[in-house]
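Written below as C-alpha cells is the structure these notes are about.
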Amino acid sequence: MHKSLSLLALLLIANFSFAQLTPSERRAQKLKEEQQNQKSDEDLSPSERRERKKGEIAKEVVFGDDDPQFKVMEVPAKWGKESAVVIYQKLSYSYLRDNNTVHVDELVRRRIKLLDKAAIADFSEFYYTSHGNDGGRIGIKIIKENGSVVNVNTNAAVETDKDVPDFYRSYYLNNDKYKKLAIPDLQAGDIIDYYFKTQRELSNAMLEDAYDPFLFTLSQTYPIMLQRFEFTVDRGFFINFNSFNGAPALKEGEAGTDLKGRKRAMIKTYELVDKDREKISKDIWNYPLVTSPSVKFQVVYESPNNVKNANYFIGEMGVAKNTITPEEIQSLVGRQLSGVYSTQGPEIIAYIKKNLKNETDPVKIAKEAYYYYRYSFLTSYGYSGLNSNLKETFTLKGSYFVSTLIEVLKSKKIEAQAIVVMPRSLGPLSNLLLSNELEYGVRVAGSKDIIMFPFGKHSNYDIINSELEGTEGYAFTPVRNPRVFNYEKVKIPVSTYQQNNYTSNFELSLGENMESISVKRKNTITGHFKQNASYSALLTHDWEKEERKKFDPKYKEDEPERGNKVRLAEEKRKRDADKEETSKQQKDRLKAELEEEYDVQSFDKFELVESGRFDDKPLVYTEEFKLKNMINKAGRNYIFEIGKIIGKQFELSEKDMKRSNDIFIPYAKSLTNEITVNLPAGYTAEGLQDLNFNIDNPSATFISSAKVEGSKIVIKTQKNYKKATDKKENWPNMVAMLEAAYKFTQKKVILKKI
Amino acid sequence: MKKYILSFLLMAISIFSNAQMPSVKPEDAKFADELKAKFKDSKIAAVKSSNEFTFDLNTSKSLKSPVTILEKANDVLVGLRDNHTYSNVIFYDTQSEVLKLNAKGLRGRPIYVGVTHKDYEDDGIFLSDAKMCIYSLPFDTRGEKVDFEYQKRYYDYKYLTSVYFHESYPILEKKISFIVPDWLKIQLKEINFEGFDIEKSVVPDAKKKHTTYTYTVKNLQENRTEPSAPNSSKCLPHLLVICNSYTDKDGNSNKLFESVSDLYNWYYSLVEKIGNDDATIKPVVAKLTEGKKTPIEKIESIFYWVQENIRYIAFENGICGFKPESAQNVFKNKYGDCKGMANLTKQMLKVAGFDARLTWIGTTDIPYDYSIPSLAVDNHMICTLMLDGKKYYLDATEDYIGFNDYAHRIQGRPVLIEDKDKYILDKVPEFTQERNKVLSSMQLTLEGQSLKGHSKTIYNGEEKTQILRNYASIRSDNKEESMKRYFSSGDKNLKLSNIVTSNLDERKKPLEVNYDIEMNNFVTEVGNDVYITIDKDKEFGKLIFDSTRVKDFTLYHKMLIVSSTELKIPAGYKVDYLPETVNKADPDFSFNLSLTANGDKIIYNKRITIDNALIKKKSFNTWNAFIKEVSKFYNDQIVLVKK
C-alpha cells in the first residue's frame, strides 16, 4: 500500500514537471543535457565549475582513503571459482544536524574483483542509489590486472525504473530511486572500485521521526573479504542496533566530526567490522534473518521533552540500544493505541448490543464482533474504492483493529487485552529492536482464551497469520502511560498439520477411446489453505449474499426499492453483468490453476458447496474438467500415467539434497487425495503395487495405497508436512517424503483388455 | 506527539467513485451488447477510427527537416463492459510530440483523460529516447461512447515510416487518410494487404491544391499478442510512408527520400561525421595480426577479438539510433551497439590493410528490401569484408559465431554496403537447416527399472552458438549444475554424469557433448511385460495450435534434429511390440520416427526438420495432425516380454 502510493506520487510529480515544458523547450533542454555530458571546463558556468570542482575534490577524498584493504588486488584461492568477490566494502552513514537541518549522508565504497564473464555482464550495466543531483557523488574506477587505473566518466548516468539487481540495492528499506550507467572496458580479472554518496537534508520540522531502518544479512550476492559499517550520530539522536546469529558486535569509536569537520565529543561513532563472509545461501524454505548473521539498525530523532511520548523504542542518548524490555513494549503500544478508532466502531457496538443482548460468553461476543467488523469493512465505501489488487490482499492496520475491538468489547463489559508479537521471519522476540517489527492482536479471556489478529478479505478469527504462529509475545491492557506493568508472556498457538488440510476427492472416468479423462473433483479445505483457496473459489456475490443474510437480514438486493425504476433496473443489470463477468473470470482462473498441475482439455463446471466464511466450516467446492495426455497406447494395451493425478510435486535438485539452514515452512499442512478411477468395461489394471509408498517420520509423511475394487481403481495418498519449523538435521526426513511424492507422480499402470 | 492521522480507510474513501444514473440510450446499450457477443474478449470497440496525416513545409529555424507531419487521430469508442478503465500507450521520441489528448462523452460532455508520460525502458535496450504517453479513459457503463482524439506531430518526415490499421481493440471502420499538398511528392506503399478488404480512394482538390488518399477497412479484429508471432510488419496490413520530394517556395524541387541513394546519402552523411581515429587501435591490431600468415587468419583474429571483448549494449538515443559511435570510443569503452561494433570491426580491419565497409541490414524481423527508401528497411548494422572479389559479412554482436558463418537473423537478408558516394546492394547468403544440425547417438541398456548408457551429441550452427553463449554467461560457481540442467532439459528423471565437452570457446568446429546417462521412470514392469518409452526429448510433442490463433509461429532458427538410439534387449526377453513408424512431411517441416528390432538391439531413429523456421497459419491443421501422430509415437511403448 505504502509503496504503491509513494510510487503514484512520484509519477505525478514527474509528470507535472514534464508537462510544464513546451515541445521546443523540451528539445532545448534535451540538447542542453546532451551538451552538458560532454562539456569541457570552459563551457561551464562558474557555479557549474564549482560543482564539478567540488565533485573532483570529493572523488580525491574518497579514493584517497588510505585504508590498506582498498589497495588489495588478490582474492583468496578458495573463492577462485566464484563469479566475483567483494574485496572490501565500506558503508558509512551519518546523521548530523546544523541550525535548522538534519543531514543524512550515505557513503558506500566497494572494491570488487570480477572473475568471470557473468560478473562482467553484471557490472557493465551498473546501478546506484541516487538522491538528487549527482555532481561528484559517484566515482568509479577500474583497476586492470597490470595495476593501471581507468577513471570512468559518470556523466551519462540516467534514472531507471527497472528492477535493480539485488547486489545494487541499498541496505536500508524504502529507497526506490536508482540510476544506471554503462561501465566501459571491463574484463575478467579487473577490479571495479566505486563509491556513491547520497545526501538528504531534512528540515527540523521533520525531525521527529525515525530514519529508514536497516535489516540485513552480512552475506550477500558475492563473498566478501572485509566489510565495515560506520555510523556517525549527532547529539539528539537515538540509535537502535544489534547483531544476531554470530554477526560481530557494534563497537563505539572515537568522537566524530561535525558538518564543518570539527571533532566534537558529543558526536558518537560506531563501527561493525566483518571478515571472510561466504555468499548468501540459496536454501529453499529459509528465513535468512533467522539463520544467518544479520544486523538491525535504526536512528531516531526525538526532542528531549518528547522522549516519553516517542513512537519508537528509545534508549539513552548516545548509547546504542540493543534490547527492548517488556515494559517498553507495553508503554509504546499503549501510546500507539490511544486515540485510534475505526469508523466502524459505533456500528459494531450497535450490532452487538442489538443482536447479542443476552450473550455473556466473552468468546462468543468477540468472535461475532470480529466477523461483523470484517463484514462492515468489506461492505463499506472505503473498501469498494480500493484497487482490485488491494481488495484481495489488504490486512487491516493493527492499531485500528486492536483499539476498536477493545472498545467494542468494553461496551459489553469485557476486558480484552492487546497482544504484540514479532513475525517469525524476523527472529525470536529477544531479537526485537524496532517498533515496526511488531504485529498487534487482541486476546479475550473466556472458557478458552482466544487470540485474534487483524482480518483480511477471507480471514477467520481463529486462523492466525502463519508468520505469527509459534511466536512469543506479550499481552496486557493497553493504557497510555501505564503506572503498573501487568504484561504477561504469551505464546501464539501453532496450528497442526491436521488443521491445515486440503482434501481432494476425485472420480475419474476414462472415455471409450482413452483420449481424455473426465474428472469430478470435490475439494474440502481447512485452516491456512482456506484463505488462499478462497481468492479463487469465492465470488464477491456469493460471500456478500451469505454475510448480508447473517448480519443484515433486511437487505434485499434484487427487490425493488422505492425510487426511479429506470435506475433500479440499470443497477440490477450492472449487478448481473458483473456476476456474469466475475464468474467467467473465476472459471478462467481456476482453469489456469489447474493447468499448472495437468494437461487440461476443458474446464466444464464449478460449484460452491460451502463458503467456509466462518471458522467452523471448511471451504468446499466441486469441479468438473477433462484431462488429456495421461493415457497412451502401449502395444495392445494402454499405459495410464496415473501418478500424475495428484498434481505436480516439488522437484528437489541434487543441490537441494544438502542443507545448511534450519527449515521454515509457512505452516504445517496435510494433503489428502482420495481417487476413484472407473475402468472402462472389459479392462483391468496392472502394476498398482508400484503406487504403494510408506514414508512416515517425525517431520513428514507420504503414504499411498492403490488397489482394484471390482471395476474401480481406488487410490489414497496422504502427504503431511508435520512441522512449520524444523532442524536442518531433519532435512533427510523431508527429502524422503518429497522424493516419494515425486516418484509417485511418475508411476504408471497398464490397462489390459480382459 | 504525532498521530496516525490518515488510516488507509480514510484515503480510500476519497477515491471511491459514485454510482451514477444510466447515461446510455437503449439503442446504444443494445448495440454494445451485440458487439460484445461478436468480440467476446474485448472490453471496448471502436465504431470509427481515423488517422489523418497532413504535411507542412517547415518554417522554424530550430528544426532541420524541411517537411513536418501532423497526425490527427480520432476514435469513437464504445464500452462493452461496465466499470472498465481502458489504458493505452502512444509512443513518441525526441523527434515527435503527442498533443491535445481530448475525450468527450454523451452530448459533448468533456471526459477526463488520465495522462502520464514516462521514459520507455526495454530489457534489450540500455538507453533509448523512446517515451510513452500513457492515457486512460473511463467507461462506467457498457454502451457508453467516448469520442477520443489526440495529435502527434512529427518534426522530421523521415521518422514517420509506417502506419498500421490495427489497434488493441476491434474496429468497425478504420480510415487512414493522407492529405498530400501539391508541393509534396509522396509514395504510399501497401504492405500485407492480402486477405483484408481495404478500399483506397484518391481525391484531388485543385482548389485547395492537395490530393487526399484514403484507405478504409471494415471490421478489424483487435491485434492480439500471440507467443512466437512474427513481427507486426510481417503480418499486419500497413502503409509505408515515403516522402519523395518537395517543391519549395521558389519553385525548386528538392529531393527527400526518392530512392535508396537518398537513404544511403543520409546514412553516409552520418558516417562521415563519425570521426574515427586509428591511433589507439593500431597497436592492438598489430598485436592481433602478428604472426598470422593468411589474410583469413588475420581477419578471424580481429573479428573474434571484437566478439569477445566488446560487450553489446544497445543505445537508441536520438541520432545515436542511426550514427555509429567512433571506433576509438567503442574500443575504449569495450561496449557498443551494433553500429559501434560494426564500425570498430571495420576500422580494425582497415588498419590491418583490408577493405571493410559499414553495412546496413534489416534482420529477418523485417519484410522490406532496399527498393524502399525508408528508415523502416533496416534495424541492424554489420561489417562487410571484401576479399579476393568475395564478400564476407561480419556481425560482431553474434558472440561465438565463426568467420563466413551467418546467424539466422541475417541470412538471406538484403544489405546496403557503404561505397563512398555510391553504394552496393547485395544479399547475405542463406543456409539450409543442415547448418544447425543436432546429431546425437545413444546406447542404452536396461538395468532394473532404469535405462542406462552413454550419449554423444554434436551441435552445429545456431544450436552450438546458443550453448556457448549461455555457458559463458553462467556464473562460474554455477556452471556445472547449469550444464547438467541444460542437457537434461531440467528433467529430474534424467541423471547425467561425466559430462565431457569439446572446447567451449571453439567457434569453427562443431560442439561435441558426451555424458553418461541414467533415465528413471521410463520403464514400467508389469508381470512378464516390460514397457519402455525411449525418447527423452519428445521435441514438439505438445506444440498444438489453437484454432483461435491468428498469426504464424516463428522459431529462432531452422532446425534439423537427427538421432539414433540403440537399446540392448536384455537376455531372456524378446520384443513383443514396437510403435508404428511415423513419416510425415510438409514443405516447411517433417518428422521421421522409427523403431526397429535388429538382433539383440532395438534401434530408434529420429529425424525432424523445420525447414524455414516458420510454421504458417495455413499449415496449422497439417501441423496439428502430424503432432497428434508424433505425440502418439513418443508416448507409445516398446513392449518386451519374457521368453
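Proteins come first, then strands; the chains are lettered A, B, ... in the order of their sequence lines, and each starts at number 1.
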A/Asp116 side chain vs B/Ser476 backbone, donor-acceptor pair below 3.5 Å: yes
Heavy-atom pair of closest approach, residues A/Ala182 and B/Ile313: CB-CD1, 3.9 Å
Shortest non-hydrogen contact from A/Lys117 toward B/Ala472: CB-O, 3.3 Å
Which atoms of B/Glu580 approach chain A - backbone, side chain, both or neither, heavy atom under 4.5 Å: neither
Greatest number of heavy atom pairs closer than 4.5 Å to chain A - which of B/Arg142, B/Gln449, B/Arg81: B/Arg142
Salt-bridge criterion met for A/Arg573 and B/Asp33 (N-O under 4.0 Å): no
For chain B, the option from A/Asp599, A/Leu186, A/Leu115 that forms the most heavy-atom pairs under 4.5 Å: A/Asp599
Which portion of B/Ser473 sits near chain A, non-hydrogen atoms under 4.5 angstrom: backbone
Any residue meeting salt bridge (charged side-chain N to carboxylate O under 4.0 Å, His left out) with A/Lys279, in chain and number order, not counting sequence neighbours: A/Glu82, B/Asp477
Choice from A/Lys747, A/Lys743, A/Arg636 maximising heavy atom contacts with chain B below 4.5 Å: A/Arg636
Part of B/Asp576 lying under 4.5 Å from any heavy atom of chain A: both
Euclidean distance, B/Lys632 NZ relative to A/Asn632 CG, rounded to 0.5 Å: 10.0 Å
Derivation of the side chain to side chain donor-acceptor pair (under 3.5 Å) call for A/Lys574 and B/Thr141: CA-CA 8 Å; A/Lys574 275 197 171 185; B/Thr141 307; 3.1 Å; yes
Working for salt bridge (Lys or Arg N to Asp or Glu O under 4.0 Å), residues B/Arg311 and A/Glu125: CA-CA 10 Å; B/Arg311 228 185 103 67; A/Glu125 293 178 16; 3.5 Å; yes
Side-chain touch A/Pro184/B/Lys332, heavy atoms, less than 4.5 angstrom: no
Pairing residues for B/Lys484 by the salt bridge (charged side-chain N to carboxylate O under 4.0 Å, His left out) criterion, not counting sequence neighbours: A/Glu654
More than 12 heavy atoms of other groups within 6.0 Å of A/Lys144 NZ: yes
Flag for A/Asn637-B/Tyr531: side-chain donor and acceptor within less than 3.5 Å: yes
A/Leu181 portion near chain B, given a 4.5 angstrom heavy-atom threshold: backbone
Distance, nearest 0.5 Å, that separates CD of A/Glu570 from CG of B/Asp82: 7.0 Å
Heavy-atom pair count under 4.5 Å with chain B, highest-scoring of A/Val749, A/Ile183, A/Val150: A/Ile183
Main-chain N/O of B/Asn521 paired with A/Lys748 side-chain donor or acceptor, under 3.5 Å: yes
Test item: side-chain donor near acceptor, A/Gln746 and B/Asn493, under 3.5 Å: yes
Derivation and outcome, side chain to side chain contact (heavy atoms under 4.5 Å, CB included), residues B/Asn478 and A/Lys655: CA-CA 11 Å; B/Asn478 203 18; A/Lys655 223 177 177 178; 3.7 Å; yes
Proximal component of A/Glu686, with respect to chain B [non-hydrogen, under 4.5 Å]: both
Separation of B/Asp491 CG from A/Glu651 CD (nearest 0.5 Å): 7.5 Å
Distance-minimising heavy-atom pair for B/Asn635 and A/Ile639: O-CG2, 4.4 Å
Straight-line distance of A/Glu641 CD to B/Thr533 OG1, nearest 0.5 Å: 8.0 Å
Separation of B/Ile474 CD1 from A/Ser83 OG (nearest 0.5 Å): 11.0 Å
Interchain contact, A/Tyr638 with chain B, by part (heavy-atom threshold 4.5 Å): neither
Verdict with reasoning, B/Lys334 to A/Asp190, per salt bridge (Lys or Arg N to Asp or Glu O under 4.0 Å): CA-CA 13 Å; B/Lys334 301 287 185 306; A/Asp190 286 354; over 6 Å; no
A/Thr745 side, atom OG1; B/Lys492 side, atom NZ - distance, nearest 0.5 Å: 9.5 Å
Flag side-chain contact, heavy atom, 4.5 Å: B/Phe633 against A/Lys633: no
